[in-house]
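Accompanying notes for the structure given below.
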2 protein chains.
Amino acid sequence: MRTVEKALKLLDFFTDKVVEIGLSDLARLSGIDKATVLRMLNDMAESGLVEQNPESKRWRLGAGVLRLARLREATQPVNRVLMPILERLAEQTGETAHVSLVSGRDLANIGVVESNRANRVHIEPGLTLPLHATASGLAFTAFTRPERRERVLARKLTPITGTTPITRESLAGLVTLAQQRGYSCADQTYEAEVHGLAVPLFGPDGFSCGALAVAIPTSRVTDSYQRGILAALAPAARDATLGLGGRIPPHHIVAL
Amino acid sequence: MRTVEKALKLLDFFTDKVVEIGLSDLARLSGIDKATVLRMLNDMAESGLVEQNPESKRWRLGAGVLRLARLREATQPVNRVLMPILERLAEQTGETAHVSLVSGRDLANIGVVESNRANRVHIEPGLTLPLHATASGLAFTAFTRPERRERVLARKLTPITGTTPITRESLAGLVTLAQQRGYSCADQTYEAEVHGLAVPLFGPDGFSCGALAVAIPTSRVTDSYQRGILAALAPAARDATLGLGGRIPPHHIVAL
DNA sequence: AAACAACGGTGTAAATAATGAACCGACAAG
DNA sequence: CTTGTCGGTTCATTATTTACACCGTTGTTT
């Protein structure tokens, strides 16, 4: 495997729960030799991608990622555009709203606004969303370039909950449905008790570049409740696409 | 040179002015073969660090950096803590304030709030600050671990303006002065007509982990004006250090 | 206190993965 | 039509990465 790829994969072991990892742990987690991991970490530390806690000697994400994020934000003001939309959406729906953008072979969650109800869905910031198991992933896949969609369908699908689609046929069915309806549903395919609704975001090329989604506790889900959510979600997604400089293709209509 | 290091160095060619770079350009800029650069870019794209504009075929920073930044922010709420302090500082001083954190061998600018005066200093977001040529760098170097300080002093110092310190002796003098005064000055060492004042931020280990700085047009600089800036800067830096969970060492006193 | 295990980190010979020159088709300008 | 440049591919050579063993230290267990 390519060295750079392996090195960057190390970053995926950091989550909002596991913020610092020791050398040996990281070697075990990744299955890579300790010496190799150390060299990679040192290389990434040069660029500020990771840094070492001088006391615990453990490693964590570095300040360099903040710098890079600021740089990207300066050119494509994603946060500035999307966060207000997200906040309004969460307020209107009373449910947790989140937005994700394509990043490598999956979707990267880049913004979350939680509902302020007691019973609400919590979504980890910085989560990577699998394309086949989330409403966001389905909405994205439905409207991405055909080549990419084909690659997604050809993947080995890992089950996450009991209702995660694991055959090519079941996934293709959900994707086709999303194409027809203009939005996607994911009923407990990623986490139990969580129902997702998502609408794709489009880039300047008219293909999807991400998704805007609302996550609902299954206990609250009814047909009419979903319609209400969609009535807020659809225009929010349109605003988001336009705010990012994207172009909504004529064949995308959210069937309310 | 190590491959991972080389690959990540590619990211440094993206600035807030140069947001998209073509393959051949990037190969020329970095002095690395086209084929190698392409492989590195593809590897980094897997992790979402970069992405390719499907129309122009050129490359830019990817959404993955936003994800990583959110992750780091979730654990160490740098922005949340520092931005209000920065805004207050900019308001109090009427000058552009910025904050930077150690990132690899240099400082990464992670926040800027510009003054609202007509004549003000503009600072690019996501800039990398050289340690020897900026007030922030001097303040950081003065209070970092001795080993690191030694390495900085041993560097080959690149001149940026006419007054950038380029000998070990001149830099050591500025650093010592910063140690004595608890703050640092940089008179047009990075950009002409810009005067910098900086106070270090401290980590939990009692050594500097970054700097809080104010950038002033030289035309406004007088002794009493500087004292006024420092009177706002010193407590702001203290708040920032404490807000980040750092510990101010007893020997650090800002001599007003 | 002794023994032990696990930690971060270092050196080395062996092998794998990175490298770069040549090449390709596409496109644009002259 | 020729020329130059673009993004991208190929493949033999080679230089870099790799993994094993080892080191000193730390902290836990017996």
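Labels below follow one simple rule: chain letters A, B, ... track the order of the sequence lines, proteins then strands, and each chain is numbered from 1.
Rounded to whole Å, the distance from CG on A:L26 to P on C:dG8 is 10 Å. Taking atom CG of residue B:L23 and atom C1' of nucleotide D:dT9, one finds them 12 Å apart after rounding to whole Å. Summarising the geometry, the separation between CZ on A:R2 and P on C:dA17 is reported as 11 Å, rounded to the nearest angstrom. At whole-Å resolution of the value, CD in A:E5 and P in C:dA17 are 12 Å apart. Taking atom CD of residue B:E55 and atom C1' of nucleotide D:dC6, one finds them 17 Å apart after rounding to whole Å. Straight-line distance from the CG atom of A:D25 to the P atom of C:dA6: 12 Å, rounded to whole Å. The distance from atom CD of A:E20 to atom P of C:dG8 is 11 Å, rounded to the nearest whole Å.
Side-chain atoms of A:E124 and A:T15 include no donor-acceptor pair closer than 3.5 Å.
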Where do N or O atoms of nucleotides 3-5 of chain D meet protein N or O atoms at under 3.5 Å, pair by pair?
none

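Looking at heavy atoms from C-beta onward, B:T141 lies out of side-chain contact with B:H132 at the 4.5 angstrom threshold. Using a 4.5 Å cut-off on side-chain heavy atoms (C-beta onward), B:H252 and B:V254 make contact.
A:N109 pairs by the side-chain contact (heavy atoms from CB on, under 4.5 Å) definition with A:H98, A:V112, A:I123, A:L127, A:L129, not counting sequence neighbours. Partners of A:A74 under the side-chain contact (heavy atoms from CB on, under 4.5 Å) rule, at least two apart in sequence or in another chain, are B:D16, B:P125.
A heavy atom closer than 4.0 Å to some atom of DNA chain C occurs in A:K34, A:A35, A:L38, these being the qualifying members of residues 32-49 of chain A.
Considering only side-chain N and O atoms, A:T3 lies nowhere under 4.0 angstrom from the phosphate OP1 or OP2 of D:dT16. Note on A:K6: a side-chain N or O is less than 4.0 Å away from OP1 or OP2 of D:dT18.
Using a 4.0 Å cut-off between a side-chain N of Lys or Arg and a carboxylate O of Asp or Glu, B:R168 and B:E150 qualify as a salt bridge.
Comparing the helix axis at one end of the helix from C:dA1-D:dT30 to C:dG30-D:dC1 with that at the other, each defined from 5 consecutive pairs, gives an inter-axis angle of 30° (nearest 10°).
Between B:D205 and B:R247, the shortest heavy-atom distance links the atoms O-NH2, 3.8 Å. The heavy-atom pair separating A:A63 from B:L101 by the smallest distance is CB-CB, 3.7 Å.
Under a 3.5 Å cut-off, the side chain of A:R149 and the backbone N or O of A:A142 do form a donor-acceptor pair. Distance alone, capped at 3.5 Å, is enough to place a donor-acceptor pair between the A:T75 side chain and the A:R72 backbone.
Residue pairs that meet the side chain to side chain donor-acceptor pair (under 3.5 Å) test with at least one member in residues 24-35 of chain B, sequence neighbours left out, are B:D25-B:R28.
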